[in-house]
Amino acid sequence: MRSAWLVFALVPVISAFYLSKRDELLFRSWAAQHNKDYNTEEYYQRLQIFTENKRRIDKHNAGNHSFTMALNQFSDMTFDEFRKAYLWSEAQNCSATKGNYLSSNGPHPDSVDWRKKGNYVTPVKNQQSCGSCWTFSTTGCLESVTAIATGKLVPLSEQQLVDCAQDFNNHGCYGGLPSQAFEYIKYSKGLMTERDYPYTAVEGICVYKPLLAAAFVKDVMNVTVYDEMGMVDAVATHNPVSLAFEVTADFMHYHQGVYTSTECHNTTDKVNHAVLAVGYGQENGTLYWTVKNSWGSSWGIDGYFLIERGKNMCGLAACSSFPVV
Ligand SMILES: *[C@@H]1O[C@H](CO)[C@@H](O)[C@H](O)[C@H]1NC(C)=O
Ligand SMILES: *[C@@H]1O[C@H](CO)[C@@H](O)[C@H](O)[C@H]1NC(C)=O
Ligand SMILES: *[C@@H]1O[C@H](CO)[C@@H](O)[C@H](O)[C@H]1NC(C)=O
Ligand SMILES: *[C@@H]1O[C@H](CO)[C@@H](O)[C@H](O)[C@H]1NC(C)=O
Ligand SMILES: *[C@@H]1O[C@H](CO)[C@@H](O)[C@H](O)[C@H]1NC(C)=O
């Protein structure tokens, strides 16, 4: 870090004159905060991307939107880079999900938050640079469902799913679906703990040891495609549910408030990120889902986000599922 700063100090700032001094100072303090260590060429490239992101964020925040944006750990990346590092690249066909979850039709409470009902939700995790969100959505859901059933909240292994669940149409760091991961756990007869099969963020050889299985799946419940009321019913009457939706460039910079987008699609074939709905509510006249993400706890609202509910926003009702234990 120290040597990199020396290089920065020696490079004439004039070469990036179209950027203001203020932009550059902000970039330097952001880079220090996020332990970024660039070479000179990278420094100017990242400074430019950072500044473009910052302008987008400022413009958005100056408008009248239901959510705000902020700088975060992704602020020196273009959306294209972000997409390759963090989202699915293998298309997932959610329409294949034939719903077997039977909704009770309510009535349902106005708001639910499984984090407040007891010790049912593990701390936010970080998938790092690997499109393994589907494994975090899967473990998050199974952790909660198991804790609700047994009273014991145990962090479960994403790596087992990254390394071992390929036969169920999953692709390690290149994507997968929670419903297919639950099927894998059901047929492989268990999932190990995070401690016994730790996360590495790269696909490796499957070293699943059935004797160390700590969580089990008896059955997989798929909510019918686009049945968002069915998702409300499941969260209100059973447990948190896994869902997938389409992340577009604006979501990278999400800070707080209820996320809505006109950039994303509401179809089954565009979803590229899986997460976990731990509750829902209503604020300022807007219905929303409370969702646990897997980009660390410094992103969004302590690692969570709110997204508009009731409109199949960004296809979030396209492939929702949860396990029965
Ligand atoms: C901001 O948007 C909200 C909801 O769309 C609207 O009710 C409010 O009047 C708007 N405020 C301004 C200052 O435009
Ligand atoms: C997606 O699944 C549907 C229903 O099973 C099928 O008709 C369609 O061909 C599939 N699309 C792709 C791209 O696999
Ligand atoms: C649930 O979805 C998974 C994967 O999408 C599928 O393999 C399974 O057959 C579905 N289960 C039911 C009962 O429809
Ligand atoms: C609701 O509005 C208040 C006041 O404008 C704001 O502070 C709060 O963040 C809003 N809540 C949501 C969920 O957008
Ligand atoms: C998708 O959005 C369009 C336009 O708003 C709407 O007409 C359609 O019903 C939506 N489809 C689904 C499945 O939510």
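Just so you know, these numbers come straight off a predicted model, no measurement behind them. When a ligand or atom number is given, it counts from 1 through the structure's own listing order.
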(message) For ligand 3 and Gln180, I'd like to know whether there is a polar contact (N/O to N/O, distance under 3.5 Å).
(response) no
(message) Regarding ligand 3, does Asn100 bring an N or O atom to under 3.5 Å of one of the ligand's N or O atoms?
(response)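 Between Asn100 and ligand 3, no N or O pair is found under 3.5 Å apart.
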(request) For the residue pair Trp299 and Phe251, categorise the inter-ring angle as parallel (less than 30°), tilted (30 to 60°) or perpendicular (more than 60°). (result)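 If you compare the ring of Trp299 with that of Phe251, the planes turn out tilted.
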(message) Students should find this: residues with any non-hydrogen atom under 4.0 Å from ligand 5. What is the answer?
(response) Tyr226, Asn266, Asn312
(message) Please check: side-chain N/O of Ser132 versus main-chain N/O of Thr135, any donor-acceptor pairing under 3.5 Å?
(response) no
(request) Please answer whether the main-chain N or O of Asn266 pairs with a side-chain N or O of Asn312 as donor and acceptor at a distance below 3.5 Å. (result)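 Yes.
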(message) Does Arg55 qualify as a cation-pi partner of Phe50, given the criterion of NZ or CZ under 6.0 Å from the six-membered ring centre and within 45 degrees of its axis?
(response)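 Here Arg55 fails the 6.0 Å and 45° test against Phe50.
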(message) Does anything in residues 190-262 form a disulfide bond (SG atoms under 2.5 Å apart)? List the pairs, not counting sequence neighbours.
(response)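 Qualifying pairs: Cys164-Cys206.
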(message) With a 6.0 Å cut-off on the ring centroids, do Tyr44 and Tyr38 count as close?
(response)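 Tyr44 vs Tyr38: aromatic centres not under 6.0 Å.
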(message) Ring centroids only, cut at 6.0 angstrom: are Phe74 and Tyr86 within range, meaning strictly under it?
(response)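 Ring-ring flag for Phe74/Tyr86: true, centres closer than 6.0 Å.
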